[in-house]
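In each ligand, atom 1 is the first atom listed, and ligand 1 is the first ligand listed. For the numbers below, each heavy atom of this structure counts, side chains included, while hydrogens, waters and symmetry mates do not.
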Amino acid sequence: MIPFFRNLDDFLAFVELDIKVLSLNLSPNFPVKIPKAFAERIQKGHPKDPLLLQVLPRIQETRIAENFKIDPVGDLKKSPIQGLLHKYQSRALVVTTGHCDIHCRYCFRQHFPYAEESPNSQRIAYIKGYFEKHPEINELILSGGDPLSLSVKALKNWFDLAESMPSIHRIRIHTRSAITTPERISDELINVLKTSPLKHIWVVHINHTQEIDDSVQMALDRLKQAGVTLLNQSVLLKDINDDAHTLAQLSERLFDVGVMPYYLHQLDRVQGAQHFEVDENRAAEIYTELQTILPGYLVPKWVREIAGEPNKTLMSGGFS
Ligand SMILES: *Cc1c(COP(=O)(O)O)cnc(C)c1O
Ligand code: SF4
């Protein structure tokens, strides 16, 4: 059993913080969920810790801002079959589960109606039918929630589906669990990956160097040895990583542990997350500086997701 904190008092006692010094949202709609393995990487007694700020339900969540929406990226409009999102030509994303091991307070899917969107076996058959009609899809993306919350057996069912479709060449997994709960990278999972004939790409989600400890490094090593290509996406987050040196340090560390930086996301404007937004002018300054520090291959692409666009939209940093 993976240990989690779901109760704020227990969590605050663990990180040695007094509830009175924090302004908290004590009855959040998006419940508190913090894996113990992640909580262990938070500095004790440090109310501004960059990992703490990602999981702490602060009172600002209850602020309603008009331009922050329930479904900021237009996912629900782009779902041809429940549980399948085909927004971009060559790749389709399956919402495999609504569960995550961690509840990131800035998450753009925090209001997603998962009960309706998680596929059952009948929907899996429909999804297969959809792929048959859309041979332009050559990559299956397993997302969620977090696909690693599934059993290895359920995950393998998705691999089997992809492997049975000649048009599908790659399986991509979007996961934060590999980082938050590295115990999910089990021998059983590694064996399934090693025997799969398709190319596997995992896009992990790390926002700050402090998230990478020895257990994470070990899990990433095992994935690499199983032949998985590892990429990272981060979200640019106020007071957490909104600084060129913090981001540069992250890229350097990612490279050291065998992960290539992929995307740096401008925050999706989801209701309850406005206190995490770094405004675009400031973000452009940070990105411009980041480009001067790092070799080009360690600079993640700075992107924003705009509903209705055929791809993630590149933001421009640097001189114009
Ligand atoms: C982000 C996203 C993808 C993947 O986009 P890439 O640019 O290929 O990483 C695919 N489908 C959906 C619905 C997405 O939101
Ligand atoms: S792990 Fe990903 S999907 Fe889950 S809450 Fe965090 S950002 Fe959202």
> For Ala37, is there any backbone N or O sitting under 3.5 Å from a side-chain donor or acceptor partner on Arg41?
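Such a contact is found between Arg41 side chain and Ala37 backbone.
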
> Verify the neighbour count for atom CG of Asp214: are there more than 12 heavy atoms of other residues, nucleotides or ligands below 6.0 Å?
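Open: at most 12 neighbouring heavy atoms sit under 6.0 Å from CG of Asp214.
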
> Given Gly98, Cys100, Cys104, which has its nearest heavy atom closest to atom 6 (Fe) of ligand 2?
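Result: the heavy atom closest to atom 6 (Fe) of ligand 2 is in Cys104.
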
> Mark the output for Arg109 as yes if a heavy-atom distance to ligand 2 is under 4.0 Å, and as no if none is.
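No, that is not the case, since the closest heavy atom of the residue is not under 4.0 Å from the ligand.
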
> Quick check: does any side chain N or O of Ser251 sit under 3.5 Å from a backbone N or O of Ala248, one acting as donor and the other as acceptor?
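No.
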
> So is Ile102 in contact with ligand 2, going by heavy-atom distances below 4.0 Å?
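Yes.
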
> Do you see a donor-acceptor pair shorter than 3.5 Å between the side chains of Asn25 and Thr62?
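Per modelled atom types, Asn25 and Thr62 side chains form no pair under 3.5 Å.
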
> May I ask you to check if any N/O/S atom from His103 comes under 2.8 Å of atom 6 (Fe) of ligand 2?
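His103 does not place any N, O or S atom closer than 2.8 Å to atom 6 (Fe) of ligand 2.
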
> Would you mind writing out a table of all protein N or O atoms found under 3.5 Å from any N or O atom of ligand 1, naming both atoms and giving the distance to 0.1 Å?
residue, atom, partner, partner atom, Å
ligand 1, 7 (O), Tyr263, OH, 2.6
ligand 1, 8 (O), Arg91, NE, 2.6
ligand 1, 8 (O), Arg91, NH2, 3.4
ligand 1, 8 (O), Arg172, NH2, 2.8
ligand 1, 9 (O), Arg172, NH1, 2.8
ligand 1, 9 (O), Tyr262, OH, 2.6
ligand 1, 15 (O), Glu305, OE2, 3.4
ligand 1, 15 (O), Lys312, NZ, 3.0

> So, do His86 and Tyr130 have ring centers that fall under 6.0 Å from each other?
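Yes; Tyr130 has its ring centre under 6.0 Å from that of His86.
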
> Apply side-chain contact (heavy atoms from CB on, under 4.5 Å) to Asp243 and list each qualifying residue two or more places apart in sequence or on a separate chain.
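Asp243 satisfies side-chain contact (heavy atoms from CB on, under 4.5 Å) with His245, Thr246 once adjacent residues are dropped.
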
> Kindly write out the residues that satisfy side-chain contact (heavy atoms from CB on, under 4.5 Å) with Arg63, not counting sequence neighbours, or none if the list is empty.
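side-chain contact (heavy atoms from CB on, under 4.5 Å) check on Arg63 returns Gln60, Gln274.
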
> Who pairs with Phe14 by side-chain contact (heavy atoms from CB on, under 4.5 Å), at least two apart in sequence or on another chain?
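Once residues adjacent in sequence are excluded, the partners of Phe14 under the side-chain contact (heavy atoms from CB on, under 4.5 Å) criterion are Phe5, Lys36, Ala39, Glu40, Lys44.
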
> Checking contacts here: is it the side chain or the backbone of Gln110 that comes within 4.0 Å of ligand 2, counting heavy atoms only? Could be both or neither.
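The answer is neither; Gln110 stays 4.0 Å or more away.
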
